[in-house]
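Inspection log for the structure reproduced underneath, given as structure tokens.
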Amino acid sequence: MTDILNAFSHITSLLVIPGLAYASQLAFGALGVTLIFGVLRFSNFAHAEGMSLATMFCILITVWLQGASVSIAPLPTALIAMFLAIPLVALVFIGTDRALYKHFRAINAKPEVFMIVSAGIMLISNGVIRVVIGPEGQSFADGERFILTAREFREWTGLTEALVLKTSQLLSIVLALIAGGLLFWFLNRTQMGRSMRAYSDNRNLALLSGVDPNKIVWVTWILVAVLSVMGGVLFGLDKGYRPFVFQQMLLPMFAAAVVGGLGSPVGAVVGSMVVAFSELLLTFAWKKFLAYLLPTGLAPESLMQILATEYKFAISFLILVIVLLIKPTGLFGRATK
Amino acid sequence: MSQRETPPVLLATHGLSLSFGGLKAVDGMSLSIAQGSISGLIGPNGAGKSTLFNLIAGYHQPDSGRVELEGEDITSLDPHVLFGKGLLRTFQIPREFGTLTVLENLMMVPSGQTGETFFGAWFRPGRVSAEERALREKAEDILEFLEITHVANLPASQLSGGQKKLVELGRTMMADPKIVFLDEVGAGVNRTLLYSISNAIQRLNRERGYTFCLVEHDMQFISELCDHVTCMAEGRMLAQGKATDILSNEEVIDAYLGRGKAAKGTGVQ
Ligand SMILES: Nc1ncnc2c1ncn2[C@@H]1O[C@H](COP(=O)(O)OP(=O)(O)OP(=O)(O)O)[C@@H](O)[C@H]1O
Ligand SMILES: [Mg+2]
């Protein structure tokens with residue numbers, strides 16, 4: 001019995017909770033990708049850099065707040081900084097749109113052109129981040145690190161395998177649920193949200209039905225700013241902020257959005273789960289888990305890992321390729337007209 | 001035709017022209033629509049009726065000519081601006097938001113309410129939900145009127161062609177339009193429903209003062225509804241006047257019967 005409980009605790013602590021937290025962080029990114037694709041009709045290569053930039057603003061504000069001794073301990077100060085960073089990031093995104101994308105929309109440029117422009121913006125953002133905050137990692141997490149530490153858990157339960165829950169993990173999951181819920185409410189239950197969906201569905205008809213395209217564009221960027229700030233900060237709190245770690249998130253984010261069907265918010269959430277858990281399940285070392293459950297003689301020698309951790313990013317790539325080959329519209333996507 | 005009290009002109013076009021390559025689809029059309037009227041636009045297939053609607057509704061830019069709404073030049077304004085000015089249209093081949101439900105297809109129409117502004121949606125949720133309820137009721141009433149309540153929650157892509165037409169008509173009823181251009185709203189719709197649409201048009205016209213301009217090939221429909229009829233052929237004005245006069249006009253009958261050419265319209269009986 002204890003063995004089963006130990007196995008359960010082990011897998012919850014190292015697989016289920018980190019998986020849910022990672023899926024939540026990914027979902028923020030994938031929702032941004034899918035909104036931009038659905039409404040503005042292009043694949044935004046600068047999305048990861050946008051998240052990095054958003055996190056950078058948030059770190060600078062956090063440091064400033066910490067200097068002014070503002071604190072909401074035991075919660076991390078970055079949570080307040082987030083609210084202050086959102087308007088700034090939204091301004092940056094809308095500014096970029098007005099300076100660049102707007103022109104290409106006006107001349108009805110092809111999606112490929114937008115993609116290249118976004119790649120250019122990615123490079124520029126990269127440079128800006130390097131200049132402002134430098135390439136080194138930053139630690140901005142404060143407040144209580146753990147909700148449930150290994151020691152506490154062992155004392156309470158007497159199990160060998162501890163179930164650990166980090167504040168950043170719980171925050172990621174809870175905030176993702178709240179933000180996701182609000183986003184779906186906005187898209188489905190308000191007129192602005194419906195206009196956005198209508199615009200994404202049939203742009204010409206939406207214009208003829210009175211939808212103001214400029215309004216749609218700026219609302220989209222505000223939503224993307226909110227998602228980027230939240231996703232970036234939560235990822236940074238959980239894994240530590242290194243400016244260019246977000247570049248490695250670009251592939252999983254796109255994989256998640258594509259699995260779910262580009263343009264579908266529900267799809268982006270489901271896709272994030274698929275990608276996050278594929279990564280973890282395939283690179284998880286099953287040795288201990290099996291050792292607890294199997295009879296002593298059968299306990300495996302090796303780590304029982306299907307893929308080495310270094311191949312983590314290959315998994316997103318593989319998922320992307322498989323989906324594009326088998327069902328390019330993804331799980332919830334619609335056929336393009 | 002001199003009447004003592006002519007109602008004011010609501011919409012007028014002056015020498016409107018548009019060519020597609022070498023083809024003059026609309027060629028110098030001047031037309032005026034009186035406030036509060038129901039006028040008809042007829043003409044054989046390919047006469048340029050739909051193109052004229054597209055020009056008026058801002059969907060195409062004219063090569064030359066002007067469109068005026070209540071004396072204001074509205075040529076080449078963006079469609080959503082024209083919509084805001086109360087100028088609406090439906091399409092001959094119905095268009096819909098396929099991924100939205102039928103109800104949402106109506107509820108997407110902007111109405112200048114709190115829920116339509118981004119900040120209103122988040123910061124005044126109480127008011128937004130009250131308005132949502134009112135909006136939903138209005139949309140449901142319209143669906144009931146159009147007899148498509150049973151498909152309210154289906155994605156609009158699953159509707160039949162006739163049902164999609166009704167959804168388009170419903171969308172115009174959601175806004176508070178001054179003038180509505182209906183492009184063959186009756187084509188493909190069954191008789192009984194056609195009858196209630198024609199009733200609806202008359203009621204909206206009488207009770208709410210909407211002005212209508214409709215393209216139809218069904219001459220009975222036209223003659224029952226319209227005060228004033230314009231006939232187009234090959235992009236140009238052929239004749240205009242009172243419905244009864246136009247429908248018995250030699251030239252008009254010739255254009256429809258096509259003088260040896262095949263005529264496709266349900267036509268003049
Ligand atoms: N987008 C377009 N590109 C090229 N040619 C067009 C286009 N739209 C219409 N035309 C041409 O313009 C002419 C007028 O077409 P239009 O659709 O306005 O006719 P219509 O009077 O509405 O006919 P119908 O009764 O069949 O609907 C036709 O010869 C058509 O082929
Ligand atoms: Mg036509």
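The chains referred to below are lettered A, B, ... by the order of the sequence lines, with proteins before strands, and numbering in each begins at 1.
Considering every non-hydrogen atom in both A/Gly210 and B/His80, the closest pair reads C-CB, 3.7 Å. Counting all heavy atoms, side chain and backbone alike, B/Leu100 lies closest to A/Arg194 at CD2-O, 4.2 Å. When all heavy atoms of A/Leu208 and B/Ala57 are compared, the closest pair comes out as CD2-O, 3.9 Å.
By the 4.5 Å heavy-atom criterion applied to side chains, B/Glu96 and A/Asp201 are not counted as neighbours. Within the 4.5 Å cutoff, the side chain of B/Phe83 has no heavy atoms near those of the A/Val211 side chain. You'll find the side chain of B/Thr99 stays beyond 4.5 Å of the side chain of A/Arg197, heavy atoms only.
Atom CE of A/Met56 is surrounded by more than 12 heavy atoms from other residues, nucleotides or ligands within 6.0 Å. In the displayed structure, A/Phe184 atom CZ is contacted under 6.0 Å by more than 12 heavy atoms of other residues, nucleotides or ligands. Under a cut-off of 6.0 angstrom, the local environment of NZ in B/Lys85 is sparse, with at most 12 non-hydrogen atoms contributed by other residues, nucleotides or ligands. A/Lys110 NZ: 12 or fewer foreign heavy atoms inside a 6.0 Å radius. Around the CD1 atom of B/Ile93, the shell of radius 6.0 Å holds no more than 12 heavy atoms that belong to other residues, nucleotides or ligands.
Salt bridge status for A/Arg189 with B/Glu104: absent, with no side-chain N to carboxylate O gap under 4.0 Å.
The candidate with the highest count of non-hydrogen atom pairs below 4.5 Å against chain A, out of B/Met107, B/Arg95, B/Arg89, is B/Met107.
Between the side chain of B/Arg171 and the backbone N or O of A/Ser209 there is no donor-acceptor pair closer than 3.5 Å.
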field: Working for side-chain contact (heavy atoms from CB on, under 4.5 Å), residues B/Phe91 and A/Leu205
entry: CA-CA 10 Å; B/Phe91 288 94; A/Leu205 184 58; 4.0 Å; yes
